[in-house]
There are 2 protein chains.
Amino acid sequence: MRALRTGSKELIKEINRFKVLNIIRHQQPVSRSEIAKQCDLGVSTLSYIIEELKTQRLIYEVGEATSTGGRKAKLLRFNKDHGYIISVKIEEEQILTALTNMEGEILCKRYALFSKKDSPENVTDMIESEIHQIFTQEKKDLSFLLGIGILSSGLVNRHDGTIIRSSMLGWENVPITRMVKESFPEVQVFVDNNINGYTLAELEKGEGKSSQNFLVVSIGAGVGLSVVIDRKIYYGSVGGAGEFGHTTLVPNGYPCHCGQNGCLEMYASEFYFKNKAEDQVSSYSSSKLTDFHFSEVARAAEEGNEFAMNLMKEMGSYLGYGLRNLINTFNPDKIIIVGEGVKYSHLFNHEVNLIANDNFFEKVDIKTELVFSGLNDDAWFTGGALLAINQIFQEPIYEPIKAGL
Amino acid sequence: MRALRTGSKELIKEINRFKVLNIIRHQQPVSRSEIAKQCDLGVSTLSYIIEELKTQRLIYEVGEATSTGGRKAKLLRFNKDHGYIISVKIEEEQILTALTNMEGEILCKRYALFSKKDSPENVTDMIESEIHQIFTQEKKDLSFLLGIGILSSGLVNRHDGTIIRSSMLGWENVPITRMVKESFPEVQVFVDNNINGYTLAELEKGEGKSSQNFLVVSIGAGVGLSVVIDRKIYYGSVGGAGEFGHTTLVPNGYPCHCGQNGCLEMYASEFYFKNKAEDQVSSYSSSKLTDFHFSEVARAAEEGNEFAMNLMKEMGSYLGYGLRNLINTFNPDKIIIVGEGVKYSHLFNHEVNLIANDNFFEKVDIKTELVFSGLNDDAWFTGGALLAINQIFQEPIYEPIKAGL
DNA sequence: ACTTACTTTTTTCACTGAACGAATTAAGTA
DNA sequence: TACTTAATTCGTTCAGTGAAAAAAGTAAGT
């Protein structure tokens, strides 16, 4: 439990400035009196705070509201170009880098390839070089870079900023934020697991806007889970989320790359296709399926290939069991399904709903919404940027921690 | 997400008073200068705060520390008799009531029986009467009653203080805190699920003292789960915890009283004994087992009854799978097993550990501790009292909510 | 045993500054 | 002209602050 900061004049000043700033950020354009009402601050105090924020160029005044019977209110807006954020996604053999403004709007994107042989140091150097190129290309001064958010697969400890283990990258205990910070000592650097990043995007720009407690489940080359409680992402002991993909669905089932057997990931993701085919060689061989990527199996299923259609449906049923267990365990308002699988959801949607909706809370008349994400691939960039932005504008109630070091 | 309070002189005053008070509560006896150091408050401010807390009789001065080379420090203690708390546990056919001081120490206990026919109103009246009897019996003035904590089984919404549904009691949507508060309008009243109550006791007096993130799993006439994140209990959407006992362990397995099939609760609790026996009538009938309560099956197993021993071991294996899935999903520091089953843990401990320890995080060399609760039945009372005490001494950072109304 | 020098604890007191609220000014509507 | 709403000005309030003083010790030296 993080310790609360001790009360002092500075604390109340900081709290109030951030409260005001966040109201402007999320409800712009707003008038002074509207903010004062919501904050329960005196209008005089508010004017003083606004003055300060304006001289810091964090906000600006623009236009006027229509009169409600008296003097028109001047409207305030957040200056989203007050600074810039770099969002980095580390994929299997490339890094994707984007420049965003302080609202997480993407201004420019780049990518750079690397090979499995490259060390974390090499990749960090590439990140540095990409950032420099973006800033020269966009003709912006590096002093405006306020934060860097990095998304990676695998087990990530966001508190100390290390990638604990990523089997995809073959990395272990890489202190990524510290390494990046060496090149940008003035900038706050954050890492997180990529699905948590996506979840941040859902929270601010997607399905999460209307929900306090929800889960994000990713279906693709594996199964991922991100848990949102009270609009905050839950981080387990080591700082990463859990490994829901490796809960046991079928005792003594298909062997998993993690060393266990019968993991959900082996049944409710791309892996299932290959597992099942190796299990039923005869029906497989007559099916003319050539590979087991989501896209291929989906194409075959759409063309009426019986074996592929069944693969999809069975995968959907297993996913349904996974989701049902999540619902019964977490009692979320909503589950958002994301990832490559969403593109092909029409092929297994029915089975998922059939099983997942048959849950404990349904029987007590508490509904759990099941939706597919409506965001596109830019959500990764948005999420990475939000990782930094949310920290920068966080209300400063707690003692500073060493995160984002 | 609860809104943060706006900064003001009153806020900083309240924050600091509660910070000081909580340091004294948890580290007593302490000196002024020690507190000042921890709070980062000026010693002068601290003396002023201490003076106030003393006149409010929340703390008192007692004794002196040994000198460390200069003037001896006067030591401060929390006045645990500053007020009293009532802790109520509603069981199937009785209510248990205890009086505690402000540290949750039990001063006196009572119980009163009721029948299934009694309405929630009758039971509430009984609670009122029990409280009055305790206060006259203990010769204390009712004005010292500061809080009431109620524990009930079933789905509880602690935010609005209702028992949403308890199949054991046959109650639905009972606004229990409001009903109790009618008799004690000056007193703060709180409800929670009984396992969450137990968890509070573990947090303050048990295994939880050394752990930030842990799970409490109860094994007895059912399976319960309580989730602690960052030393705070996680409450799902409706305000109750999830229903982990009703996650599907065996698709299309034994039918459960909740309407689903193959629930964990049917395999990792007392229920399993009956289920399995009905499945295997022949081996059962030769086993001479007469009933399927935990105590009976355990007794038989201890006497060497093969069928009973196997029941226990199998139950343990299923529980192991349940715990493994919890570990993989939540990545806790520790799982604490509580409830009636703990008494007989030697009969299934081995199987539980065998399966639960074979988890994802173990393979990445992150250990999850598995322990049996060391608290006794008084922990229910302690937990109920802490429900109220923790709220009363909470640092007042957030806008007040309607809880504990 | 007494003095002196040094520590640590606690209190006193003038000062600071963030929020506050009443009064004032500004800008509108009917 | 009367009323409404918005924004600013300015003296007041009070929680926290830090330096200094007071209180209460310890540890030598004589």
Side-chain angles (χ1 to χ4, degrees), chain A residues 4-21 23-24 29-56 59-77 395-397, chain B residues 4-21 23-24 29-56 59-77 395-397:
Chain A
L4 213 62
R5 283 179 60 187
T6 299
S8 67
K9 282 195 275 278
E10 294 74 56
L11 178 68
I12 79 178
K13 186 173 181 176
E14 282 180 49
I15 287 180
N16 289 344
R17 265 142 197 77
F18 275 94
K19 267 195 110 165
V20 170
L21 192 53
I23 287 178
I24 297 175
V30 268
S31 68
R32 286 165 171 75
S33 50
E34 175 60 27
I35 300 171
K37 211 183 299 166
Q38 281 188 42
C39 281
D40 196 32
L41 275 169
V43 274
S44 52
T45 309
L46 204 114
S47 266
Y48 183 61
I49 293 174
I50 293 292
E51 199 49 45
E52 259 190 32
L53 294 177
K54 271 165 72 177
T55 58
Q56 289 174 58
I59 59 170
Y60 59 96
E61 222 165 54
V62 62
E64 294 177 326
T66 52
S67 166
T68 57
R71 177 174 171 178
K72 284 186 258 178
K74 291 178 214 158
L75 294 176
L76 300 164
R77 278 195 163 278
E395 281 147 340
I397 325 310
Chain B
L4 213 63
R5 283 179 60 186
T6 299
S8 67
K9 283 194 278 276
E10 294 73 54
L11 179 68
I12 79 178
K13 188 173 179 176
E14 283 180 49
I15 287 179
N16 289 345
R17 266 140 197 77
F18 275 93
K19 268 195 109 165
V20 170
L21 192 53
I23 287 178
I24 297 176
V30 267
S31 68
R32 286 165 172 75
S33 48
E34 174 60 26
I35 300 171
K37 210 182 299 166
Q38 282 187 42
C39 280
D40 195 31
L41 276 169
V43 274
S44 52
T45 309
L46 204 114
S47 265
Y48 182 62
I49 293 175
I50 293 294
E51 199 49 44
E52 258 191 33
L53 293 176
K54 271 165 72 178
T55 58
Q56 290 174 57
I59 59 170
Y60 59 96
E61 221 165 56
V62 62
E64 293 175 328
T66 51
S67 167
T68 57
R71 177 174 171 176
K72 285 187 256 177
K74 292 177 213 157
L75 294 176
L76 300 165
R77 277 195 163 278
E395 281 147 339
I397 324 310

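What you are looking at is a predicted structure, and each value in this text was computed from that prediction instead of being measured. Letters A, B, ... are given to chains in the order of the sequence lines, protein chains preceding strands, and every chain is numbered from 1.
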Short question: side chain of T6(B), backbone of C39(A) - any donor-acceptor pair under 3.5 Å?
yes
Sequence neighbours excluded, the answer for side chain to side chain donor-acceptor pair (under 3.5 Å) partners of E395(B) is none
T45(B): partners by side chain to side chain donor-acceptor pair (under 3.5 Å), with sequence neighbours left out:
none
Protein proximity profile, nucleotides 17-30 of chain C - base contact B, sugar-phosphate-only contact S, no contact -, cut-off 4.0 Å on heavy atoms:
BBSBB----BBBS-
Salt bridge (charged side-chain N to carboxylate O under 4.0 Å, His left out) filter on E61(B), not counting sequence neighbours, yields R32(B), K54(B)
Considering residues at least two apart in sequence or located in another chain, which fulfil the salt bridge (charged side-chain N to carboxylate O under 4.0 Å, His left out) criterion with K9(B)?
none
Please enumerate all residues that pass side-chain contact (heavy atoms from CB on, under 4.5 Å) together with [X], with sequence neighbours excluded.
X      : value
R71(A) : K74(A)
S44(B) : none
E52(B) : K13(B), R17(B), Y48(B), Q56(B)
S33(B) : S31(B)

Inter-axis angle, terminal five-pair segments of the helix from dA1(C)-dT30(D) to dA30(C)-dT1(D) [nearest 10°]
10°
Mind calculating the distance between CG (L75(B)) and P (dT8(C)) to the nearest angstrom?
17 Å
Distance-minimising heavy-atom pair for P396(A) and R5(A)
O-NH1, 3.0 Å
Minimum-distance pair of heavy atoms, taken over all atoms of V43(A) and A36(A)
CG1-CB, 4.0 Å
How many angstroms lie between atom CD1 of I59(A) and atom CD1 of I49(A), to the nearest 0.5 angstrom?
10.0 Å
Which parts of residues 32-39 of chain B get close to DNA chain C, meaning a heavy atom less than 4.0 angstrom away?
R32(B), S33(B)
Reading DNA chain D 5' to 3', which nucleotide is the first, and which the last, to come under 4.0 Å of any heavy atom in chain B?
dT13(D) to dT26(D)
